[in-house]
Q: 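Below you will find the structure I want to go over with you.
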Amino acid sequence: MQPLARSFYLQGTLLAARALLGKTLVRRFDDGRIATGRIVETEAYTQDDPACHAFRGLTKSNKTMWGAPGHAYIHINYGLHYCLNAVTAPEGVAEAVLIRAIEPQENARLLWRNTFGEPPEEPTDDGAFDTLARADRRLTSGPGKLTRALKVDRAFDGTDLTSAAGALFFGDGDDDVPDAAVVTTTRIGITKGADFPWRFYVRASPFVSRR
DNA sequence: TAGACGATAGCCT
DNA sequence: GGCTATCGTCTAA
């Protein structure tokens, strides 16, 4: 799995949000094991967008968004949830794509364990357990849930997403989602800029956070 | 340094 | 569909 090149993050924030659908999120845990998921829901946030954290300028907590493209911007909201974003504009311009939902793929049982603690029974067959975890929307059908399942927290703020050796990156698969399979709609949970159609999701995916 | 406010999720009816 | 836990961050004073 090759990481997306940095140029991917410079095609424009709206285009990048759309293009990330079908791409693979790769997480390498401390013990070397890898979990992957297919991105099925994203939102775009731009510098002139009142809903964007950077709208009012540079602050200590949003400074990663003002930095180089292809890096992770992590923010906390409601005091308890982490949200994972990819920076999608050149240094000095603060724009990002929020990853709202993924479909667990490789090693889904690790995500299960991270979310619920040890699974009720230790699986003898990874494939069977992965099938179970795939069917369970509770793992990754929302921005706060997927960071919990992937063990992604504020320590990942600023992580370079273009390094295949890193603990977190976006991989380029062969899953191109056709336009007919994509729904473009308004964003979730915001009050300002609420009418911008800057949310994208895969229509058929059961892991989309909300329709 | 106090007060207000979230790019949510989960539980309740 | 409604309610709210929970706390980091920003803003104003």
Side-chain angles (χ1 to χ4, degrees), chain A residues 9 12-21 23 25 37 39-67 69 71-89 93-104 111-117 120 133 135-159 161 168 170 182-202 205-211:
Chain A
Y9 300 95
T13 296
L14 289 170
L15 291 174
R18 162 66 181 83
L20 276 167
L21 296 178
K23 297 295 190 287
L25 180 49
I39 297 171
V40 295
E41 181 179 349
T42 62
E43 285 179 359
Y45 288 85
T46 70
Q47 189 164 356
D48 55 358
D49 162 19
C52 181
H53 294 149
F55 183 66
R56 289 169 178 270
L58 176 69
T59 67
K60 183 179 179 184
S61 63
N62 72 23
K63 76 176 194 321
T64 302
M65 207 171 5
W66 296 86
H71 290 254
Y73 164 57
I74 312 289
H75 88 271
I76 302 169
N77 85 346
Y78 294 97
L80 61 162
H81 301 292
Y82 297 103
C83 293
L84 167 65
N85 301 251
V87 177
T88 52
V93 180
E95 305 197 345
V97 173
L98 169 67
I99 309 301
R100 284 192 57 90
I102 64 173
E103 291 178 355
L111 306 188
W112 179 288
R113 190 182 63 186
N114 292 339
T115 300
F116 300 121
D136 197 316
R137 295 186 62 251
R138 293 176 297 172
L139 294 179
T140 55
S141 60
K145 289 191 258 193
L146 73 89
T147 53
R148 178 181 57 178
L150 291 168
K151 281 188 177 298
V152 168
D153 59 21
R154 198 80 211 290
F156 284 77
D157 188 55
T159 299
L161 297 172
L168 185 67
F170 292 106
V182 174
V183 176
T184 302
T185 183
T186 51
R187 295 173 292 180
I188 302 284
I190 56 173
T191 53
K192 294 161 287 193
D195 52 339
F196 298 3
W198 288 0
R199 173 174 177 241
F200 305 90
Y201 68 85
V202 177
S205 176
F207 281 80
V208 168
S209 64
R210 196 194 131 196
R211 310 255 157 206

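Just so it is clear, the values below take in all heavy atoms, side chains as well, and ignore hydrogens, waters and symmetry mates. Each chain gets a letter, A, B and so on, in the order the sequences are listed, and its residues count up from 1.
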Q: Between A:H53 and A:Y73, what is the ring plane arrangement, given parallel below 30°, perpendicular above 60°, and tilted in between?
A: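 Geometry flag for A:Y73 against A:H53: perpendicular rings.
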Q: Taking only N and O in the side chain of A:R137, is any of them less than 4.0 Å away from OP1 or OP2 of B:dG10?
A: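 False: A:R137 side-chain N/O out of range (4.0 Å or more) of B:dG10 OP1/OP2.
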Q: To the nearest 0.5 Å, what is the distance between CG on A:L146 and CD1 on A:I102?
A: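 Rounded to the nearest 0.5 Å, the CG-CD1 separation comes to 5.5 Å.
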Q: What nucleotide among B:dA7, B:dT8, C:dG8 has an atom nearest to a side-chain atom of A:Y78?
A: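 The answer is B:dT8.
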Q: Compare side-chain N and O positions of A:K145 against OP1 and OP2 of B:dG10 and report whether any pair is under 4.0 Å apart.
A: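 Yes, because at least one side-chain N or O of A:K145 sits under 4.0 Å from OP1 or OP2 of B:dG10.
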Q: Measuring from the side chain of A:H75 (C-beta onward, heavy atoms only), which nucleotide among B:dA7, B:dG10, C:dT11 has the closest atom?
A: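 The answer is B:dA7.
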Q: Does A:H81 or A:N62 map to a spot on DNA chain C nearer the 5' end, using the closest nucleotide for each?
A: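 Upstream on the strand: A:H81.
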Q: Taking only the side-chain heavy atoms of A:T191 (C-beta and beyond), determine which of B:dG6, B:dT8, C:dT11 contains the nearest atom.
A: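 Among the listed nucleotides, the one closest to the side chain of A:T191 is B:dG6.
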Q: Over how many whole Å does the gap from A:N77 atom CG to C:dC10 atom C1' extend?
A: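 In whole Å, C:dC10 C1' and A:N77 CG are 15 Å from each other.
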Q: Report yes if at least one side-chain N or O of A:S61 is closer than 4.0 Å to OP1 or OP2 of C:dT9; otherwise report no.
A: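 The answer is no; no side-chain N or O of A:S61 sits under 4.0 Å from OP1 or OP2.
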Q: Side chain of A:I188 only, heavy atoms from C-beta on: which candidate in B:dA7, B:dT8, C:dC10 is closest?
A: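 Out of B:dA7, B:dT8, C:dC10, the nucleotide with an atom closest to A:I188's side chain is B:dT8.
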Q: May I have the distance from A:I74 (atom CD1) to C:dG8 (atom P), rounded to whole angstrom?
A: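 About 17 Å, once rounded to whole Å.
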Q: Just to confirm, is there a sub-4.0 Å distance from OP1 or OP2 of B:dA9 to any side-chain nitrogen or oxygen of A:R148?
A: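 Indeed not, no polar side-chain atom of A:R148 lies that close.
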Q: Can you measure A:F116 atom CZ to B:dA9 atom P for me and round it to whole angstrom units?
A: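 Taking CZ of A:F116 and P of B:dA9, I get 13 Å after rounding.
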Q: From the options A:V208, A:I188, A:T42, select the one residue that forms a side chain to side chain contact (heavy atoms under 4.5 Å, CB included) with A:R100.
A: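 Testing A:R100 for a side chain to side chain contact (heavy atoms under 4.5 Å, CB included) against A:V208, A:I188, A:T42 leaves exactly one candidate, A:I188.
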Q: Mapping A:R154 and A:L80 to their closest nucleotides on DNA chain C, which lands nearer the 5' end?
A: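 Per heavy-atom nearest nucleotide, the more 5' residue is A:L80.
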Q: Is the phosphate of B:dA7, meaning OP1 or OP2, less than 4.0 Å from a side-chain N or O of A:H53?
A: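 Checking A:H53 against B:dA7: at least one side-chain N or O falls below 4.0 Å of OP1 or OP2.
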Q: Given that both distances must come in under 3.5 Å, which nucleotide forms a Watson-Crick or G-U wobble pair with C:dC10?
A: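 C:dC10 is paired with B:dG3.
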